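The structure under discussion appears below in the form of structure tokens.
Counting begins at 1 with the first residue of the sequence. Since the structure is predicted, the reported quantities are computational estimates derived from the model, not experimental observations.
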Amino acid sequence: AEILKVAKDELAKEGITLEIVEFTDYVLPNTSLESGDLDANYFQHIPYLEDFNAQNGTHLVSAGAVHYEPMGLYVNPAKAITLDSIPDGATIAIPNDTTNESRALGLLEFNGLLKLNAAAGQTATVLDVAENPHKFEVEAAQVPRTLADVDLGVINSNYALQAGTDVVGTPIAYESTEVAYPNIIAVREGDDREELKTLVEVLQGDEIVNFINETYKGAVVPTK
């Protein structure tokens with residue numbers, strides 16, 4: 001929403017009025033878009049969108065990518081743990097929704113903490129852990145609220161921003177930028193109105209790129 005508020009001023013220069021509607025869940029933005037109550041939404045990555053379409057019979061597509069929020073591996077603030085000193089048997093909390101659980105497991109694999117079955121792909125779950133030499137306990141949970149109850153947690157950087165560094169600290173590892181999941185502007189399939197194209201152009205433009213870089217200091221990264 002903060003990014004869209006900057007875009008709103010830029011769109012006004014093009015004669016387009018942007019109304020911003022904020023949601024607090026992952027379902028209503030897509031069902032409201034499918035029903036025509038919204039013209040676009042901006043909160044999800046493509047794997048989540050594709051899974052949502054498959055599960056709900058919706059017909060939503062990406063009109064363009066804007067930014068990504070790198071996942072990080074965060075340490076329980078009460079424990080002195082580094083990437084090289086994670087104890088055997090440590091408990092690691094990861095997100096419990098389908099696409100982000102897979103993404104979090106990919107982060108752990110990228111940093112050499114475990115190995116997944118090669119065939120699991122973007123639907124990997126904790127059941128797809130093929131090698132776990134340090135016997136980590138990997139639990140799907142609501143993160144970061146459970147961080148105080150485990151040793152480490154994998155958290156989307158936007159949630160880490162909301163929680164505050166006094167709660168989650170700074171990450172000891174990030175996911176690979178090569179497998180980043182950019183957040184997109186989603187629209188209904190076949191809706192190619194010019195104002196939607198302009199919305200994407202503005203969100204990918206220099207004004208927004210500069211705002212993201214200056215405001216979020218790497219916790220949110222423009223795709224441009």
Side-chain angles (χ1 to χ4, degrees), residues 1-12 14-71 94-106 120-125 140-143 145 154-159 161-162 175 179-205 208-209 211-212 216 220-224:
E2 292 174 346
I3 295 170
L4 287 173
K5 287 172 185 175
V6 179
K8 182 174 182 175
D9 293 336
E10 294 300 304
L11 286 165
E14 305 291 333
I16 298 172
T17 300
L18 177 65
E19 180 184 355
I20 302 169
V21 181
E22 296 188 48
F23 292 86
T24 57
D25 73 353
Y26 280 141
V27 176
L28 281 175
N30 277 342
T31 56
S32 297
L33 177 57
E34 176 76 8
S35 68
D37 292 333
L38 300 175
D39 296 304
N41 67 39
Y42 174 34
F43 78 100
Q44 65 195 318
H45 48 59
I46 287 178
Y48 179 86
L49 175 66
E50 291 176 343
D51 181 69
F52 191 94
N53 280 337
Q55 296 295 326
N56 296 278
T58 46
H59 307 83
L60 308 178
V61 297
S62 170
V66 181
H67 78 270
Y68 69 92
E69 297 154 3
M71 275 190 164
I94 62 174
N96 60 358
D97 62 283
T98 303
T99 53
N100 284 317
E101 180 178 356
S102 172
R103 183 180 170 188
L105 289 168
Q122 293 183 340
T123 60
T125 71
Q142 292 186 345
V143 191
R145 70 178 59 182
V154 179
I155 307 174
N156 295 71
S157 61
N158 59 315
Y159 289 132
L161 280 172
Q162 292 171 5
E175 65 185 337
V179 294
Y181 290 62
N183 278 34
I184 59 166
I185 297 298
V187 299
R188 288 183 295 280
E189 187 176 25
D191 191 351
D192 57 358
R193 285 174 288 165
E194 288 301 319
E195 55 263 46
L196 294 176
K197 294 178 182 178
T198 303
L199 171 65
V200 174
E201 290 171 0
V202 166
L203 286 168
Q204 293 175 340
I208 300 300
V209 168
F211 172 79
I212 291 174
Y216 303 112
V220 179
V221 182
T223 53
K224 182 176 178 180

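The shortest non-hydrogen separation linking Arg103 to His45 is NH1-CD2, 3.7 Å. When all heavy atoms of Leu18 and Leu4 are compared, the closest pair comes out as CD2-O, 3.8 Å. Here the closest heavy-atom approach between residue Val66 and residue Leu203 is recorded as CG1-O, 3.6 Å. Across all their heavy atoms, Gln44 and Ala186 have their closest contact at NE2-CB, 3.5 Å. The two residues Ile212 and Val220 come nearest to each other via the heavy atoms CG2-O, 3.3 Å. Across all their heavy atoms, Ala40 and Leu33 have their closest contact at N-CD1, 3.5 Å.
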**Request:** Assess whether side chain to side chain contact (heavy atoms under 4.5 Å, CB included) is satisfied between Lys8 and Val6, documenting all intermediate values.
**Result:** CA-CA 5 Å; Lys8 182 174 182 175; Val6 179; over 6 Å; no
**Asked** Is there a side chain to side chain contact (heavy atoms under 4.5 Å, CB included) between His59 and Arg188 once you walk through the steps?
**Response** CA-CA 6 Å; His59 307 83; Arg188 288 183 295 280; over 6 Å; no
**Request:** Would you check, one step at a time, whether the test side chain to side chain contact (heavy atoms under 4.5 Å, CB included) holds for Ser102 with Thr123?
**Result:** CA-CA 6 Å; Ser102 172; Thr123 60; 5.9 Å; no
**Item:** side chain to side chain contact (heavy atoms under 4.5 Å, CB included) between Asn100 and Tyr181, intermediate numbers included
**Value:** CA-CA 10 Å; Asn100 284 317; Tyr181 290 62; over 6 Å; no
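Side chains of Thr17 and Leu11 form no contact here, defined as non-hydrogen atoms less than 4.5 Å apart. Side-chain atoms of Pro95 and Met71, non-hydrogen and from C-beta on, do get closer than 4.5 Å to each other. Annotation: side chain of Leu28 is in contact with side chain of Asp25 (closest heavy-atom distance under 4.5 Å). Looking at Pro182 and Thr223, their side chains come closer than 4.5 Å, going by heavy atoms from C-beta outward. When side chains are defined from C-beta on, Asp191 counts as touching Leu196, because their heavy atoms get closer than 4.5 Å. Here the side chains of Val187 and Asp39 are not in contact, with every heavy-atom distance at 4.5 Å or above. Considering only heavy atoms from C-beta on, Glu50 comes within 4.5 Å of Ile46 through its side chain. Leu60 places none of its side-chain heavy atoms less than 4.5 Å from the side chain of Glu189.
Side chain of Gln204 to backbone of Ala65: a donor-acceptor contact under 3.5 angstrom is found. Ser35 places a side-chain N or O within 3.5 Å of a backbone atom of Ser32 that can act as its donor or acceptor partner.
Side-chain atoms of Tyr216 and Glu2 form a donor-acceptor pair, as typed in the model, at a separation below 3.5 Å. Donor-acceptor pairing under 3.5 Å is lacking for the side chains of Thr58 and Asn56. Side chain to side chain, Asn41 and Asn30 meet the donor-acceptor criterion of an N or O pair below 3.5 Å.
Here Glu194 pairs with Lys197 in a salt bridge; the nearest charged N to carboxylate O distance falls below 4.0 Å.
Atom CG of Leu199 and atom CZ of Arg193 lie 10.5 Å apart (nearest 0.5 Å). Going from atom CD of Glu195 over to atom CD1 of Ile16 covers 6.0 Å, rounded to the nearest 0.5 Å. Going from atom OG1 of Thr31 over to atom CG of Asp37 covers 8.5 Å, rounded to the nearest 0.5 Å. Atom CD of Glu201 and atom CD1 of Ile185 lie 12.5 Å apart (nearest 0.5 Å).
For Phe43 and Phe23, the ring centers are positioned 6.0 Å apart or more. Between His67 and Tyr42, the distance from one ring center to the other falls under 6.0 angstrom.
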